[in-house]
Amino acid sequence: MKIQIINGPNLNLLGVREPEIYGFSSFETCLEKLKSSYPEIEIAYYQSNIEGEIINKIHETGFSFDGIILNAGAYTHTSLAIHDAIKSVNTPVIEVHISNVYSREEIRRQSLIAGACKGMIAGFGLDSYRLAVEAINCSSLQIS
Ligand code: DQA
């Protein structure tokens with residue numbers, strides 16, 4: 001199984017950026033933990049602050065990977081182009097957020113990408129990424 005994690009703008013500063021919201025851990029630490037918890041899964045990681053580069057990565061991996069975990073950062077709330085990119089590929093995309101966007105400012109309660117995604121996980125800190133890996137990993141054991 002191959003999973004691509006894509007992090008959008010400002011998520012390269014995890015651990016430093018607003019730690020009271022996003023925590024004190026870097027994403028690299030989280031990635032190491034994920035890789036050691038799921039040695040049987042190939043987990044690729046990509047981060048970009050640039051909308052078009054995120055779209056290119058969705059195109060590049062969206063026909064060959066088993067799942068994409070996407071935290072589009074603030075582009076979540078603005079990017080119809082990322083919505084369209086998700087719609088353009090076959091690989092299911094799971095929208096992930098570290099914070100509970102629905103408990104924050106009004107503008108964060110709107111996701112332009114949610115309707116194109118298979119599902120959404122938000123509010124569990126960096127554990128949101130592990131829950132998304134579980135969702136992809138378990139989809140072959142579906143109860144419903
Ligand atoms: C975020 C929530 C977004 O509203 C914000 O712009 C981010 C991070 C999250 O993971 O909680 O950059 O996607």
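Residues: numbered from 1 along the sequence shown. Start at 1 and go down the list; that is how both ligands and their atoms are numbered.
Summarising the geometry of Glu51 relative to Tyr75, their closest heavy-atom pair is N-OH, 3.3 Å, with the distance given to 0.1 Å. Val96 approaches Ala132 most closely through the heavy-atom pair CG2-CB, 3.6 Å.
In terms of N/O distances under 3.5 Å, ligand 1 is approached by Arg108. The shortest N or O to N or O distance between Leu11 and ligand 1 is not under 3.5 Å. On a distance-only criterion, Ile98 and ligand 1 share at least one N/O pair closer than 3.5 Å.
Taking 4.0 Å as the cut-off between side-chain N and carboxylate O, Arg130 and Asp127 count as a salt-bridged pair. Using a cutoff of 4.0 Å between basic side-chain nitrogens and carboxylate oxygens, Lys57 and Glu60 are scored as salt-bridged.
Using a 4.0 angstrom heavy-atom cutoff, Val101 counts as in contact with ligand 1. Using 4.0 Å as the threshold, Thr76 has no heavy atom nearer than that to any atom of ligand 1. At a 4.0 Å cut-off, at least one heavy atom of Arg17 sits close enough to ligand 1 to count as contact.
Taking CG from Leu11 and CD1 from Ile98, the interatomic distance works out to 5.5 Å, rounded to the nearest 0.5 Å. Interatomic distance, CG of Asn71 versus CD1 of Ile121, reported as 11.5 Å (0.5 Å rounding).
Protein heavy atom at the shortest distance from atom 4 (O) of ligand 1 is His77 NE2, 2.7 Å. For atom 11 (O) of ligand 1, the closest non-hydrogen atom of the protein is Ser99 OG, 2.6 Å.
Heavy-atom proximity to atom 1 (C) of ligand 1, evaluated over His97, Arg104, Arg109, is greatest for His97.
Residue Phe124 places its CZ atom among 12 or fewer non-hydrogen atoms of other residues, nucleotides or ligands, all under 6.0 Å distant. Sparse packing is recorded around NZ of Lys33, with 12 or fewer heavy atoms of other residues, nucleotides or ligands lying under 6.0 Å away.
For ligand 1 and Tyr22, the ligand atoms under 4.0 Å from any heavy atom of the residue are 5 (C), 7 (C), 8 (C), 9 (C), 11 (O). Close approach of ligand 1 to Asn71 (heavy-atom distance below 4.0 Å) involves ligand atoms 1 (C), 9 (C), 10 (O), 13 (O).
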